[in-house]
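This report concerns only the one structure given below.
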Amino acid sequence: MRILIISDIHASLTALEAVLARAGDVDGIWCLGDLVGYGPDPNECISRLHDRNNFSCIMGNHDAAAMELIDTQSFNLEARRAIEITQHTLSDASRAYLSSLPEKLTFGQVTLSHGSPRHPVWEYLLDAHTALINFDYFKTDFCFVGHTHLPVQYSLYDGWDTVKLSVPRPEQVISLGPRAILNPGSVGQPRDRDPRASYAIFDPEMNTWTNHRVVYDISSVQERMETLGMPARHIQRLAAGW
Ligand code: ZN
């Protein structure tokens, strides 16, 4: 069984199409939030995914900001500018879809939340200590998160009360267990200095996780961002993967 795990698409249809093409036939697609924000194609990304019957998605902080569900004062100036452009671009159908997104979902032994199980929309899981605390906030074996745009695995060792942080190598098949928090990285705005789109394939029968990277036409996304008047720093960072 193959479940495609994607996160932080950030309105980049070109990156999304590259991921869908490389992933091929899958039994489900789970998206960990931030469908929109930063990128030029919010409506196209939503309509490409939302009517697939095996697609599930939760709300990210940029989705919530685009819908004015959270205060954008905590975003920096450039991020706020990008959010305003997104707000002007979103169709009514896209707004309805984003409004319908839950903060958390559970499928079998997996919890999905954008930032962390403790604070689904906002918290960044960037270190083993914060991850250790968060293992108390979900009951399933695994929790999949996005938000940091960094592929990572936090493994909890039974009885050790210790979390090990590891960065999966692309194409490396990882056997999960007994409990882990995993991040597939970002489709539309990777921040680990590898500009290729990032995603993962999860097999819930074998409990395996494989991170993948795929090249996409970054310059075509940058051109559309320029046309929309997106901040220069957001345009440039795509090519550097940060
Ligand atoms: Zn994001």
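All ligand and atom numbering here is 1-based and tracks the order in the structure. Note that the structure is a prediction, hence the values are computed from the model and not measured.
The Zn ion (ligand 1) has no N, O or S atom of His147 under 2.8 Å away, backbone or side chain. The Zn ion (ligand 1) has His10 among its coordinating residues (N/O/S atom, backbone or side chain, under 2.8 Å).
The nearest N/O/S atom of Asp8 to the Zn ion (ligand 1) is OD1. Within Asp34, the N, O or S atom lying nearest to the Zn ion (ligand 1) carries the name OD2.
Relative orientation of the Phe138 and Phe135 rings is tilted, given thresholds of 30° and 60° on the angle between their planes. Ring geometry, His234 versus Tyr38: the interplanar angle exceeds 60°, so the pair is classed perpendicular (tilted spans 30 to 60°). Between His212 and Tyr199, the ring-plane angle classifies as parallel under the 30° and 60° cut-offs.
The cationic atom of Arg191 (NZ for Lys, CZ for Arg) does not lie both less than 6.0 Å from the six-membered ring centre of Trp242 and within 45° of the ring axis.
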